[in-house]
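Below: the structure, in structure tokens.
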Amino acid sequence: MIPISDWNGLRLILSETKLVGSISIGKFLVNTGQTYYETICSRRGPGMSQVRVRFAPSPTGYLHIGGVRTALFNWLFARHEKGVFVLRIEDTDLERSTPEAIRAILDGLKWVGLDWDEGPIFQTQRLAIYKEHADRLIAADKAYRCYCTEEELEVRRKEALARKQVVKYDGRCRTRTGPAPSGILPAVRFFSPQSGETVVNDLVKGAVSFDNTQLDDLIILRSNGMPTYNFGAVVDDALMRITHVIRGDDHLNNTPRQILLYQALGYEPPRFGHLSMILGIDKVKLSKRHGATSVLEYQEEGYLPEALVNYLVRLGWSHGDEEVFSLSELIDNFTLENITKSAAAFNPEKLLWLNSHYMKMADAKRLAGLVVPLMKQRGVLSEGSSLDQTWFERLVKVLQERSRTLLEIVDGAEPFMTDPVTVDPEAAKKFLTEAIRPALIKLLRTLERVSVFEHDTLEAAFKSVLAETGLAMGKLAQPVRVALIGRTASPGLFDVMSLLGRDRTLERLKRAIDLIK
RNA sequence: GUCCCCAUCGUCUAGUCUGGCCUAGGACAUGGCCCUUUCAAGGCUAAAACACGGGUUCAAAUCCCGUUGGGGACACCA
């Protein structure tokens, strides 16, 4: 339940995030949704057939990865068709909607770069519109007031289930006459036709027909005045002139009911396209036990938004053999015809591969900026400390080639950030041996005479030690690596030394030599 | 219980609508080799699929029917 006072907090969130285009949020919240849409629609000339799509999440939890894909497909379709992408928040479930969830949705969309042209529009701001539409249906004998209580209905549903009968409203208030029972706030039910069939010409599934006897008299307006999903969506999609409803597969069964509502209301239905579900790696519905299912978790785990977008778009859509797409390539090539009908399993490995690809492509400066907060968060960099930007970007540059996520950069950067280095005991045992000690000392002496710590001069110095000692590159490199970084894996040695700089390199070498004693 | 959807390598998919070009292509992951100062990356290479059964046809991954399997929906949730 969102108390009215919280809506001020929400407005704060919205203006803070500045996610809205030309229409200011403050103004929107002052306006009713109705006047807003009257303005929009009056701006549109007659005969315009511009594509208008929407993403309409309910703010009852984090923004799910499947929701992001739905939003992405809508967004790409809108951009490809030079149409309009509307964001509508379906917050009519007062029990479960929260301002935090609204924020999570906006933040999530913002992170993956899906911007909207209109909205966010809140259904709870438009209650008068739904009521007016419901009244219209009642007046036309297409809907009726139902005085059955939730408890009664629950009992009947359970009975039907127990007797293995069809779970359907029995229609007892259809023909109710006489005075209204006192003390009961009625809900409004739709008179659902009980004969014929309703066909959905789905853009991805093809023609799907439903026997109308399967459909029952659904509630369109709850006793508390809130519209139910099917009604709110229909009224809004009609009024907002949505041309294509692209949404999850789980709504296919709702579509015939919605088409019937469009017809009763005298509105023309949009085109529908139902996207198959995203399943977990084990082929069952994606859930928390598969790991991250909220978009923002991917941000926290060091993924790049373009990698997630690229991964998600290939889950259920394809363009020949291509795997890697820039945003503009996606916009150019995205069409509804190439959407797959079957459900897809989420494969974290492939996402990781795409992420490492984009990590290599990315500008080091940008990555550096993304990594710093993560380092602070993980204690690799202390809160107040300042960084040499140029130096840090150089470090990021050598790490980004071998990191699959930003978190791996953080990990790889760690030995460069703090002194003294933590040396892995296993590595020390294997490589910092008595036998190699003389060579390390020789290297130390040689490096002491090197004044400019750059890749090429360091390489020359190192090679001279190899020549003197007769050691193979590999024999000396690993012990030195362990001495400098404390681990057996790192960027190239000469990059490491030049990044560490003269003082720290010599110091770490000395310390390793002492350690062997 | 009722209704709806789906079915190509382990996974994402191309091919299916408009049957022959399919000895089924690509990508991730996996194995091998090469490169190599480590780890990655990269290059080459291998293994790996038309769920099953019936039709239709000269010809079926592709069209039709059935079976099986998987998924979804049946709320005063969306």
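Sequence lines set the chain letters: A, B, ... in the order given, protein chains first and strands last, and positions in each chain run from 1.
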(Q) At 4.0 Å (heavy atoms only), tell me whether A/Leu493 reaches a base, stays on the sugar-phosphate, or touches nothing. (A) base
Q: Using a cut-off of strictly less than 4.0 Å, decide whether A/Arg404 has a side-chain nitrogen or oxygen near OP1 or OP2 of B/A40.
A: no
Q. Would one find a side-chain N or O of A/Thr228 under 4.0 angstrom from OP1 or OP2 of B/C76?
A. no
**Q.** hbond_proxy A/Glu322 side chain to B/G26 base (donor-acceptor, 3.5 Å cutoff)
**A.** no
Q: Give one of base, sugar-phosphate or nothing for A/Leu252, where a contact means two heavy atoms less than 4.0 Å apart.
A: sugar-phosphate
Q | Nearest-angstrom distance, P atom, B/G31 to B/C39 | A | 15 Å
Q.
Nearest to the A/Gln214 side chain among B/U2, B/U13, B/G26, which nucleotide is it?
A. B/U2
(Q) How many whole angstroms separate atom CG of A/Asn355 from atom C1' of B/A41? (A) 15 Å
Q: Can you tell me, in whole Å, how much space there is between the C1' of B/A61 and that of B/U13?
A: 14 Å
**Q.** Interatomic distance, A/Asp250 CG vs B/G70 P [rounded to whole Å]
**A.** 20 Å
(Q) For the C1' atoms, the ones on B/A47 and on B/C33, what distance do you get once it is rounded to whole angstrom? (A) 15 Å
**Q.** Any A/Lys205 side-chain nitrogen or oxygen under 4.0 Å from OP1 or OP2 of B/C5
**A.** no
Q.
I'd like the P distance from B/C4 over to B/A46, given in whole Å.
A. 46 Å
Q | Polar side-chain contact A/Asp321-B/G25 base: donor and acceptor under 3.5 Å | A | yes
(Q) At less than 4.0 Å, is any side-chain N or O atom of A/Thr92 found next to OP1 or OP2 of B/A78? Yes or no. (A) yes
**Q.** Touch class at under 4.0 angstrom, heavy-atom based, for A/Thr488 against every strand present
**A.** base
**Q.** G-U wobble or Watson-Crick pairing nucleotide for B/A27 (cut-off 3.5 Å, both distances)
**A.** B/U11
Q: Sticking with atom P, work out how far B/C28 lies from B/G69, rounded to a whole angstrom.
A: 35 Å
Q) Reckon A/Arg157 has a side-chain N or O less than 4.0 Å from the OP1 or OP2 of B/C76? A) yes
